[in-house]
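Side chains included, hydrogens not; waters and symmetry mates left out as well; all remaining heavy atoms used. Start at 1 and go down the list; that is how both ligands and their atoms are numbered.
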Amino acid sequence: MKIGMICYPTFGGSGIVASELGLGLLNKHEIHFISYEKPVRLDLLKENIYYHKVNIPTYPLFEYPPYELALSARIAEVVECFCLDVLHVHYAIPHAYAAVNAQQILLEKNITIPIVTTLHGTDITLVGKSPFVLSSVNYAINKSSLVTCVSEDLKQETLTYFNIKHEIKVIPNFINLENGFLPPRILNKKKKITHISNFRPVKRIMDVIRVFLGICDKIDSELILIGDGPDLLKAKALVKEYNLESQVSFLGKSKNIDSILRDTDLFLLPSESESFGLVALEAMSFGVPVVTTNSGGITELVKDGETGYACNVGDVVNMTKMSIDLLCDSDLYSKMSANAYRIAKIYDINNIIPLYEQCYSSVLKS
Ligand code: GMT
């Protein structure tokens, strides 16, 4: 099959899911990535992989460059030129809408192309349900041939806020376990706490720092923060205010999070809402327990009291207490770490790829 994969190329989870999925499909299919930059995890030297850059025109008249228009044109061009069989669109805004427009352009040339749209999170929960875009997002979802989303919770959110005429298929995020981690993990003497994100307000980075402040008061520990985004400066200021500079490292964007997670004792993800929490799954695949919130779909992955703890959003006191209890009790820690790894294995890429292949086949037949 020739599959067109449309995604954001950045460090966000949807781009990572699209890239890893594309890489996982390569041995059987030809994958064409269409994006404004090469997605971060892509190795273009592999066979069966193509990258088509979307060039976005600028002009002094435009306050906002016409990304969606350029994307539609590029999708239509690539489908026609490479005879693609199916488009897989990641993140509804504006990718699903652009793909539907490309589909219409192609129809004029008697070319038909089905669209599989995967909803990832804030394309529904934050941005998508804004009244400024809701009807367009709703339209694009309904015009897709098949819609998937990454958790039961996101499915319910979508059905609550949109008027969806489709069945929505839940296909969770996945992990490639070929990295060689083997349990059990042993707690470091100086405990390593990690957080990775794109530092947007939804991630509540200040809560990460406040929880760490409580932990390091009781336990010899350090905090490693990976990523970049709008709240980075505020986070650095808070670290300074708490006099934590010698215990907190800001590592910026990193392409190699595996080596850090391999040596991490506890992962903190106190998000306002998390539709799935791919980064928590990545941590769990190294046997790292996760302290998170009970908002969104993350509790489908992080089982409270089993693979970590899911506290109320903003409940820094409880998150701190749970983290300290866990890090101080090596028996409890071993149990949770083993559970985290066991649950992560359910999300092995080899279990999930066939589900997407079934989606592609079903839209080709219909
Ligand atoms: O929705 C977003 O915030 C963007 C998106 C991304 O590209 O990072 O993240 C979402 O998609 C991931 C992959 O499916 C999920 O694992 C994340 O939980 C989800 N983020 C949120 O819901 C905040």
Taking the six-membered ring for Trp and the full ring for Phe, Tyr or His, determine whether the centres of H52 and F82 are under 6.0 Å apart.
yes
Under 3.5 Å between some N or O of ligand 1 and some N or O of V202?
no
Residue-ligand contact H90/ligand 1, heavy atom below 4.0 Å
no
So if I count the atoms of ligand 1 from 1 in the order they appear, which ones are less than 4.0 Å from some heavy atom of F276?
16 (O), 18 (O)
Distance filter under 4.0 Å to S275 heavy atoms, resulting ligand 1 atoms:
15 (C), 17 (C), 18 (O), 19 (C), 21 (C), 22 (O)
With a distance cut-off below 6.0 Å to the six-membered ring centre and an angular limit of 45° from the axis, does K236 pair with F250 as a cation-pi contact?
yes
For Y67 and H95, take the angle between the two ring planes, folded into 0 to 90°, and tell me which bin it lands in: parallel under 30, tilted 30 to 60, perpendicular over 60.
perpendicular
For Y51, does the six-membered ring have the charged nitrogen or CZ of K38 within the cation-pi criterion, i.e. under 6.0 angstrom from the centroid and within 45° of the normal?
no
Give the atoms of ligand 1, by number and element, whose distance to some non-hydrogen atom of G12 is under 4.0 Å.
6 (C), 7 (O), 8 (O)
Ligand-residue contact atoms, ligand 1 with S273, heavy atoms, under 4.0 Å
23 (C)
Out of H120, E274, E272, who gets a non-hydrogen atom closest to atom 14 (O) of ligand 1?
H120
Short N or O distance, N173 and ligand 1, threshold 3.5 Å exclusive:
yes
Which pair of non-hydrogen atoms, one from T112 and one from L107, has the smallest distance, and what is that distance?
CG2-CD1, 3.8 Å
Within the 4.0 Å heavy-atom cut-off, what V150 brings close to ligand 1 is side chain
Would you mind running through ligand 1 and noting each atom that sits below 4.0 Å from a heavy atom of L278?
16 (O)
Atoms in ligand 1 with a heavy atom of R200 nearer than 4.0 Å:
2 (C), 3 (O), 4 (C)
F132, CZ: over 12 other non-hydrogen atoms inside 6.0 angstrom:
no
Assess the pair Y360 and H88: is the distance between their ring centroids shorter than 6.0 Å?
yes
Is there at least one pair of N or O atoms, one from K203 and one from ligand 1, spaced under 3.5 Å apart?
no
Please classify the I298 to ligand 1 contact at 4.0 Å (heavy-atom distances, strictly less than): side chain, backbone, both or neither.
neither
Classify the ring geometry between H32 and Y50 as parallel (under 30°), tilted (30 to 60°) or perpendicular (over 60°).
parallel
Run the numbers for me: atoms of ligand 1, each under 4.0 Å from some heavy atom of G277, listed by number.
15 (C), 16 (O), 17 (C), 18 (O)
Can you name the atoms of ligand 1, numbered from 1 with element, that are less than 4.0 Å from a heavy atom of Y91?
1 (O), 4 (C)
With under 30° as parallel and over 60° as perpendicular, where do the rings of Y356 and F174 fit, or are they tilted in between?
perpendicular
E282 and R41 ion-paired at < 4.0 Å:
yes
